Amino acid sequence: MAEPDALVIGGGFYGCCLAIHLRRRFGRVLLVEEADGLLTRASRVNQARLHNGYHYPRSFLTAARSRSNLEVFRRRFPGGVFDDFRHLYAIARADSKVGHRHFERFAAAIGARLEAAGPADRRLFAPRLVEAVYEVVEPAFDVAALRRLLVGRMAESGVEVRTSMRVVRLGAAGAGVAVGFADGTGLRAGWVFNCTYAALNRVVPEAVELRPRLVHQLAEVALITAPPALRRLGITVMDGPFFSAMPFPSEGLHSLTHVRYTPHMSWPEASAPARDPNAVLHPLPSSRFAWMMRDARRYVPALEGAVHVRSLFDIKTLVDGTQGDDARPILFHRDATAPRLVSILGSKLDNIFDVLDTVDETLERA
Ligand SMILES: Cc1cc2nc3c(=O)[nH]c(=O)nc-3n(C[C@H](O)[C@H](O)[C@H](O)COP(=O)(O)OP(=O)(O)OC[C@H]3O[C@@H](n4cnc5c(N)ncnc54)[C@H](O)[C@@H]3O)c2cc1C
């Protein structure tokens, strides 16, 4: 295989966006993906929330960056943004880490609009359990539309894409990086960008540096048909062991996720360095939809009419140490033995623009 100037490993949202971006600078950019399609993993299996800050009342930085990145996202991916619903945020009376006054002060601090919900919207919530309800502006993304856009842009910009190709080994090779594939072939690339999310540590030679920094969860996203009263609504109950029911635009359904039941298990990578995180997906666990629903309908009785269509499962990978404030920092790591090997954990879709800026700075300094 001819040598690329830059190789991107992982055809999720991050890998595809980065490959297109790298074509401005490099003659030959190759993207390899182990699955037989693009954006099939975490970039698809999620809440599809295009964050506008409201979700992070305990991390000002994450909230503020989300707000400015949302505007860029709208400009760069207009067809991938789904706005055709109203989004309600509710504050639970008990067990919430923020009260409504805190939430209002925080929204003012990040410059986010917060409107008290009207009587009809408030009536959807059990007043015994919910102290305040607000209407906010927070869209969803449509992963199928994003996939179409990215596939088209990669073709236009001349990114070479190979699916069903798994990288199994990386190592320093002169100034570049040697890459080994599962089929026994290999190549040498000028730069390698490891965008494999949950599998970030599986191929890097100096994984020992990255391991202590990752925590994985086996996550379930239940897809439901929302009852008519909730069909044009997204609902997020804050800020603790509660739930969200949001449009899942790529399938014309809603997702139901619950802070207590969506993570089936959680483990720090350092506790099981030899285990491939993806192994927990085989076999898949039984759904916890019934538990999610049992709790969620106490807060929003109309949810009772939802129909569970199926559940999606995948690994959610977080930077360790963020469990307290729920922040979503980017992990950007240059390998000690192969400095032109960069590993990136984006944490949420809108962080991509900050990642692209950091990649530019890194390449300019190199
Ligand atoms: C349950 C859940 C809910 C979430 N909710 C939201 C949300 O509402 N909003 C938000 O913005 N973010 C959310 N996130 C986070 C968001 O989904 C991720 O930050 C984002 O999708 C990461 O994109 P990625 O391209 O890095 O990863 P992925 O989409 O997982 O792509 C990584 C790719 O690498 C490939 N790969 C792995 N190993 C190899 C290898 N050795 N060789 C070749 N290819 C390989 C994989 O097959 C995969 O396609 C959520 C995540 C989860 C799991």
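Read the numbers this way: they start at 1 and go in the same order the structure lists the ligands and their atoms. This one's a predicted model, so the numbers in the text were calculated from it and none came from an experiment. All values below come from the heavy atoms of this structure, side chains included, with hydrogens, waters and symmetry mates left out.
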Identity and separation of the nearest protein heavy atom to [atom]:
atom: atom 4 (C) of ligand 1; answer: Asn46 CB, 3.1 Å
atom: atom 9 (N) of ligand 1; answer: Arg49 O, 2.9 Å
atom: atom 47 (O) of ligand 1; answer: Glu33 OE2, 2.6 Å
atom: atom 2 (C) of ligand 1; answer: Val45 O, 3.5 Å
atom: atom 20 (C) of ligand 1; answer: Leu349 CD1, 3.7 Å
atom: atom 42 (N) of ligand 1; answer: Val167 N, 3.0 Å
atom: atom 27 (O) of ligand 1; answer: Tyr197 CB, 3.2 Å
atom: atom 30 (O) of ligand 1; answer: Ala42 N, 3.2 Å

Original post:
Arg166: heavy atom below 4.0 Å from ligand 1, yes or no?
Top reply: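 Yes; Arg166 lies near enough to ligand 1 that a heavy-atom distance drops under 4.0 Å.
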Subject >> Test item, Ile315 contacting ligand 1 (heavy atom, 4.0 angstrom) >> reply: yes
Take a 6.0 Å sphere around [atom1] of [X] and say whether it holds more than 12 heavy atoms from other residues, nucleotides or ligands.
X: Arg74; atom1: CZ; result: yes
X: Arg298; atom1: CZ; result: yes
X: Arg113; atom1: CZ; result: no

Just distances here: any N/O of [X] and N/O of ligand 1 closer than 3.5 Å?
X: Glu34; answer: yes
X: Tyr14; answer: yes
X: Ala199; answer: no
X: Ser43; answer: yes

Taking only heavy atoms of [X] into account, list the atoms of ligand 1 that are under 4.0 Å away from them.
X: Ser347; answer: 15 (C), 19 (O)
X: Met165; answer: 42 (N), 43 (C)
X: Ala219; answer: 1 (C)
X: Cys195; answer: 32 (C), 33 (C), 34 (O)

Rounded to the nearest 0.5 Å, what separates atom [atom1] in [X] from atom [atom2] in [Y]?
X: Arg49; Y: Lys348; atom1: CZ; atom2: NZ; value: 11.0 Å
X: Asn46; Y: Lys316; atom1: CG; atom2: NZ; value: 8.5 Å
X: His216; Y: Asn278; atom1: NE2; atom2: CG; value: 9.0 Å

Subject >> Ring center gap for Phe242 and Tyr299 short of 6.0 angstrom >> reply: yes
Original post:
Salt bridge between Glu135 and Arg86, side-chain N to carboxylate O under 4.0 Å?
Top reply: yes
Original post:
Salt bridge check: are Glu251 and Arg310 linked by an N-O gap of less than 4.0 Å?
Top reply: yes
Original post:
Quick one: which of Gly10, Gly12, Ala48, Ser244 has a heavy atom closest to atom 31 (O) of ligand 1?
Top reply: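 Residue with the shortest heavy-atom distance to the ligand atom: Gly12.
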**OP:** Before giving the answer on side chain to side chain donor-acceptor pair (under 3.5 Å), spell out for Glu104 and Tyr134 the whole-Å C-alpha distance, their side-chain angles and the decisive distance to 0.1 Å.
**Re:** CA-CA 10 Å; Glu104 286 171 8; Tyr134 305 96; 2.6 Å; yes
Subject >> Residue that, paired with Val359, satisfies side-chain contact (heavy atoms from CB on, under 4.5 Å) out of Asp357, Thr362, Leu363 >> reply: Leu363
**OP:** Would you kindly confirm whether Val29 and Val179 end up in one hydrophobic cluster when ILVMFWY residues are joined by side chain heavy atoms under 4.5 Å apart?
**Re:** no
